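Presented below is the structure to which this report refers.
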Amino acid sequence: TGEILNWNSYERLNINFADKILILKQLDKKMKYLDIKVSKYLASHPKFTNKQVSFLIESDESKTTQIVYDEIFTDTYPYSIINHNSIIEKFLNRSIVEPDYFKIYSNLLSFEDFEFYNLDFLEVFDKELTFKEAYIKFSDGVLIGILQNDRLLLNPDKDLILSNDMKLVTILKNRLEYSTTDKQYVEDKEITKLPIPNLKINRNILIIGDYDDIESNQIVEFLTQESIENLNKIVLSDGDYLKDDFWDNEIVVKNYDMVILNLEDDYEFILTMYLRNRYKQNDKFLNSLVNIIHDPMNAKLLADDKFYHNIILSEKLVGEYATQVLFNPTVTQIFEEVTHSQGNEFYLLEKDQYCNLFEMNYEQ
């Protein structure tokens, strides 16, 4: 609150008592380099006497930017840069081809439901045990991996012996809401092995517009080769997408699995409302629409649980991601793995394909 380059604004926030300072990217293009200006203002202000603070800055990672920040923070404060575009790309990579993954990411970053927490092994268990034993005993949350000497292992070997020097990587409602049980892991020889889910997804995808200039190489990691070859993009030279014949003749008749709207927020809002009314009898088409939105208010206005749930709120996700990193740097490593096709990923398993899974109890 208050003027950005006025010390009184920061004094009201007790900035000299902060542990970390997060500087987010300014979307207003009239205020260029505001992140750099704020960093310089604080780092050089005589009343800023907080020598224990560190900076986390949302910016690009170009060589020029690095040189500028090195000049600002020379021998004064530790800092790190998080790349806005790479974060967007990371989360779009899988969310675009299956928007329900976005719900997982946004839930784990929102500070509203479940988040990642690292717990000291001795805080939870009093003796060594295997990962599978710890997983079964850990309740009111999910044990997903371990951290040892800053090395992250998600979903490790089930027979890995956990020891006192490890941290447990968990998903919890909050850090205090977990417990352990006396349940024992019992091998059941009768359980049918579940088929490995497909990493690549078949999707017939169309991108409308070039507001954020989504490149095909941003979203192909979880697509089959056929899907990549069929990936289509339409950008109208006059920018007028509110034309009946365009949607009737060019889009709806082709039965795309996903139609990604990549337009300026306010225009996309109007266009989406137009399409919902015009094609209100065509549920399949309406469910194929995916909105990439930047303004949270527009996202809230578009939200509709009946059909239209495929809303990816990119800027909000970046802000939440950056905030989470402030509290738990391990989040960077976790999302680096679960948003790419190397290592471990989240999978959504349909009941009709994995009926045996839905018949199992917790221990199984």
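If you're wondering where the values come from, they're calculated on a predicted model, not measured in any experiment.
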Under 30°, 30 to 60°, or over 60°: which ring-plane class applies to [X] and [Y], parallel, tilted or perpendicular?
X: His45; Y: Trp7; result: parallel
X: Tyr69; Y: Phe73; result: parallel
X: His294; Y: Tyr211; result: perpendicular

Subject >> Distance-only polar pair, side chains of Asn287 and Asn310, donor-acceptor under 3.5 Å >> reply: no
Original post:
Is there a donor in the side chain of Thr130 and an acceptor in the side chain of Glu133, or the other way round, less than 3.5 Å apart?
Top reply: yes
With [X] via side-chain hydrogen bond (donor to acceptor under 3.5 Å, both in side chains) - residues at least two apart:
X: Tyr347; value: Glu345
X: Tyr279; value: Asp248
X: Ser163; value: Asp165

**OP:** Return the minimal non-hydrogen interatomic distance between Lys90 and Thr339, and the atom names on each side.
**Re:** CG-OG1, 2.8 Å
Subject >> Qualifying residues under salt bridge (charged side-chain N to carboxylate O under 4.0 Å, His left out), relative to Lys300, sequence neighbours excluded >> reply: none
State whether [X] and [Y] are salt-bridged, where the test is any N-O pair (Lys NZ or Arg NE/NH1/NH2 against Asp/Glu carboxylate O) under 4.0 Å.
X: Lys173; Y: Asp140; result: no
X: Glu221; Y: Lys200; result: no
X: Asp182; Y: Lys137; result: no

**OP:** Could you pull out all residues at least two apart from Phe116 that satisfy ring-ring contact (aromatic ring centres under 6.0 Å, His included)?
**Re:**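 So Phe116 forms a ring-ring contact (aromatic ring centres under 6.0 Å, His included) with Phe335.
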Subject >> Which residues share a side-chain contact (heavy atoms from CB on, under 4.5 Å) with Glu112, sequence neighbours left out >> reply: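 So Glu112 forms a side-chain contact (heavy atoms from CB on, under 4.5 Å) with Ser110.
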Original post:
Honestly, is Arg175 close enough over Tyr117, meaning NZ or CZ under 6.0 Å from the six-membered ring centre and within 45° of the axis?
Top reply: no
Original post:
Any donor-acceptor pair under 3.5 Å linking the side chain of Asn291 with the backbone of Ile311?
Top reply: no
Subject >> Check: Glu264 side chain, Tyr267 main-chain N or O, donor-acceptor pair, under 3.5 Å >> reply: yes
